[in-house]
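To keep things clear, I will list the structure first and then write my remarks on it.
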Amino acid sequence: MPRKVMVIKMKAAIYCRLSEEDTSKLNENDDSGSIQNQKSMLQQYSIEQGWEIYNIYSDDDYAGADRRRPEFNRLLRDAEQRKFDIVLCKTQSRFTRELELVEKYIHGLFPLWGIRFVSIVDNADTANKGNKKSRQINGLVNEWYLEDMSENIRSVLTNRRKNGYHIGAFALYGYKKDPNQKGHLIVDEAAAAVVREVFDLFSQGYGKTAIARLLNDRGIPNPTEYKKLQGLRYKQSKIKNSRLWKYSTISDMLVNEIYIGNMVQGKYGSVSYKTKQNRPRPRDEWYIVEGTHEAIVDRELWNRVQAMITERAKPCYTGEVGLFARKVYCSGCGYALRSTKSRGVRYLQCPSRHISKNACIGAFISENRLERIIIDEINRLASEYLDKDALVDSIEFSTDYQTQKAGLERDISIFEKKLSDYSKTLSELYLDKTAGIVSESDYIEMSKTFSSERHRLEKALTNCQKQLYSLNESLKSGDDRQRLIEQYTRLGQLNREIVEILIDHITIGKRIQGSRDIPVEIYWNF
C-alpha cells in the first residue's frame, strides 16, 4: 500500500506599495499600476506557484525610501517571527529603494530568518544564487534613482515656484485648483465669502477670538473640515475640537498674501530626500510672486488690516519666550493655554473657551498662582528627596567652558567628515564588487570593517552632541555650584530656564465647583 506524503504549502506574504508619483499616472494600467492591480498580479502568481497567501501588506501613498511605512514595518515584524516563508513583491523597488535596506533585509536578515524574497517583474529571487549581483545592482540603481529624482524634482519645483505656479497638494482655503491650468488657483466663492467676512470683521474692530467664536456659533466649518467636506483627502488632526475655528487660524489668514493675489511658497523645506520631515525657512528664502491669481481681498482692505495688526502689536515685545509658553495644556480639549493680561495680572486660559459655547471645560488660572503651586511642589520634593551637601560634591563644573565647547565642536566636525568619507567609500567598494574588481569575500570583510567603524563614529558623534548640549546648558546657568543647588531647593521665583529643565508639561482643569481649587497636574522631566 503506497505511503501518503504530506505536502506542506509555502506561505507567501504579499507586499504592495503605491507612491505619490504613481498617483499622477494617466490610468491604472500604466507602469506602476494601482494597488489593486499589484494585488491581483501577485495573488495570481502565488496560485500558479502553489503558495498559500499568509497576508497582504499594503502601503498607499508612501515613497520607497520612507522607513515609516506602517505595513512595511508590520511585514518586517512578522518576518522576524517566521510567520511566513516568502516575501512577494511586484518589483524590488516596491519593497525598498534604499541600498542599505536591500543589504540589511533581502541579503542579510531574510536568509537568517529562513525567508525567501521574490519580485516577479525584475526576476529577483534569493533562492536563485545566480541573480544576487543583479539584485545588488537593482538596489544601487534604485538608490541613485532616489537621489537623482529628488534633485530633479527639487529643481523643477523651485523653477515652478519662481514662476508663480502653485505646487501644493491642496489650495489655500478660499481657492481651488484650476482644472484647466495646472499650477493656477481660482476663487472658491463659498470659502472666499468667509475669508472676506473675516477681513471685514477685523477691520471693524472685532478681535481674532471673537471672529472665531462668531464663525463657530454659526456652524461654519473651519478650513480643515471644509476640505474634507469637499471630498479632499486631507488628514484630520487628532486633537479634540479640531473642527473649530481658532485664534491662530484667523491670525494666519489675516497676514497671508495669497489673498491679495500673490503666490507665497517655500516657507518650509525638507531635511533630506530620505524623509518627509520639514523645517521652517527664513522669509528671505521664500518664493513670492505678485499677481499670479485673482485676489479675494482688495488692496485697500488688506492695507487697513495690516495697519491695524501693526498698531495692535505690543511695542514692548522683546522676543523672549513666555514663562509657561508651550508647557501648559487644557485637560479638557488638549490645546495649549494662551497667556492674557487683565488689570496688570497675567492669566492662562484655554483658547477654545471663547471660540465656541460648548468647545471646552474652560481651563483658567493666573500665572502667579500656577508659579506658586510649582515652586511649592519643587521645594517639597527637594526637602524630601535631595541631600544638598551630597549634590554639591557630586556636581563638577569645568573652569574653562569655552575651551571644552571649542574642542567638542571641533570633534563633531571631524566625526561628520569621517562619516561622510566612510559612506562614500562603502558606495565605491560596492561598485568595485559588482564590477568584479573586489571579490565577494573581500567585500564582506572590508564592508564589515567600514560599517563597524562607521557605527563607532556615529556613537561618538551622538555622544559629543549630547555633551555639547549639556555644556551649553551649563554655560547658561553659570559656574556657581551652590547657587545652582539653591535655585532648585529654595526657589522663590521661576524663570524660563528652570521651567524648561524641570517640567515636561502641565495640565490644568476647570475650577472645582464650590471651592477655589483648580486641578493641576505637573509632568516632570525627571
Side-chain angles (χ1 to χ4, degrees), residues 168 170-175 191-218 220-227 234 237 239-268 278 280-283 286 288 295-299 301-322 324-330 333-342 346-356 359-360 363:
F170 302 97
L172 179 69
Y173 180 75
Y175 289 97
V194 179
V195 174
R196 294 189 192 100
E197 183 177 11
V198 168
F199 276 81
D200 284 334
L201 289 170
F202 188 83
S203 70
Q204 294 169 25
Y206 282 80
K208 298 168 187 176
T209 300
I211 296 172
R213 183 180 178 88
L214 189 151
L215 297 176
N216 288 327
D217 288 347
R218 284 163 48 190
I220 296 175
N222 73 356
T224 301
E225 185 64 15
Y226 182 79
K227 288 183 176 71
Y234 198 82
S237 171
I239 298 176
K240 185 181 177 182
N241 294 322
S242 59
R243 298 178 178 181
L244 296 174
W245 287 86
K246 297 186 295 181
Y247 175 95
S248 58
T249 310
I250 303 298
S251 183
D252 291 342
M253 179 181 289
L254 292 171
V255 294
N256 198 321
E257 289 184 47
I258 292 181
Y259 290 124
I260 54 172
N262 298 341
M263 186 60 66
V264 182
Q265 297 179 105
K267 293 182 179 181
Y268 293 85
N278 288 321
R281 301 172 66 189
R283 185 179 172 84
W286 296 359
I288 303 175
I296 290 177
V297 178
D298 64 65
R299 184 70 67 162
L301 176 58
W302 169 267
N303 290 337
R304 187 161 67 250
V305 166
Q306 301 316 303
M308 291 177 68
I309 290 172
T310 303
E311 186 180 330
R312 291 186 183 187
K314 298 175 183 178
C316 60
Y317 178 68
T318 61
E320 294 180 359
V321 179
F324 296 112
R326 301 182 301 278
K327 287 289 184 180
V328 187
Y329 297 86
C330 174
C333 66
Y335 280 119
L337 268 59
R338 189 155 54 91
S339 179
T340 59
K341 193 173 183 180
S342 176
R346 286 208 163 273
Y347 295 92
L348 294 169
Q349 60 180 337
C350 180
S352 300
R353 186 184 188 191
H354 297 296
I355 61 175
S356 181
C360 181

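Basis for what follows: all heavy atoms, side chains included, without hydrogens, waters or symmetry-related copies.
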If the condition is side chain to side chain contact (heavy atoms under 4.5 Å, CB included), which residues does [X] pass it with, not counting sequence neighbours?
X: A295; value: none
X: D252; value: none
X: L172; value: N256, I258, Y259
X: S251; value: K208, Y247

With L254, which of V305, V195, V297 fulfils side chain to side chain contact (heavy atoms under 4.5 Å, CB included)?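 Of the listed options, the one satisfying the test is V305.
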Mind listing the closest non-hydrogen atom pair of [X] and [Y] along with its distance?
X: A210; Y: Y206; value: CB-CD2, 4.4 Å
X: C330; Y: L337; value: N-CD1, 3.1 Å
X: L215; Y: I250; value: CD1-CD1, 4.1 Å
X: Y173; Y: K227; value: N-NZ, 4.1 Å

Under the side-chain hydrogen bond (donor to acceptor under 3.5 Å, both in side chains) test, residues paired with E257 that sit two or more places apart: N262, R283
Residues forming a side-chain hydrogen bond (donor to acceptor under 3.5 Å, both in side chains) with Y329, sequence neighbours excluded: none
Hey, what do you get for [atom1] ([X]) to [atom2] ([Y]), rounding to the nearest 0.5 Å?
X: I260; Y: D298; atom1: CD1; atom2: CG; value: 10.5 Å
X: Q306; Y: L301; atom1: CD; atom2: CG; value: 9.5 Å
X: M253; Y: I211; atom1: CE; atom2: CD1; value: 9.5 Å

N216 versus R213: any side-chain heavy-atom pair under 4.5 Å?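 They are not in contact (no side-chain heavy atoms under 4.5 Å apart), so the answer is no.
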Flag the pair T224 / T249 as yes when at least one side-chain heavy-atom distance between them is below 4.5 Å, and no otherwise.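 A side-chain contact under 4.5 Å is absent here.
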Salt bridge (Lys or Arg N to Asp or Glu O under 4.0 Å) partners of R299, counting only residues at least two apart: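 R299 satisfies salt bridge (Lys or Arg N to Asp or Glu O under 4.0 Å) with no residue once adjacent residues are dropped.
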Let me see the working for R346 and F324 under side-chain contact (heavy atoms from CB on, under 4.5 Å), right down to the final yes or no. CA-CA 11 Å; R346 286 208 163 273; F324 296 112; over 6 Å; no
Using ring-ring contact (aromatic ring centres under 6.0 Å, His included) as the criterion, list what pairs up with Y175, not counting sequence neighbours.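 H293.
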Report the C-alpha separation of I309 and F202 in whole Å, then their side-chain angles, then the decisive distance to 0.1 Å, and conclude whether the side-chain contact (heavy atoms from CB on, under 4.5 Å) test is met. CA-CA 9 Å; I309 290 172; F202 188 83; 3.7 Å; yes
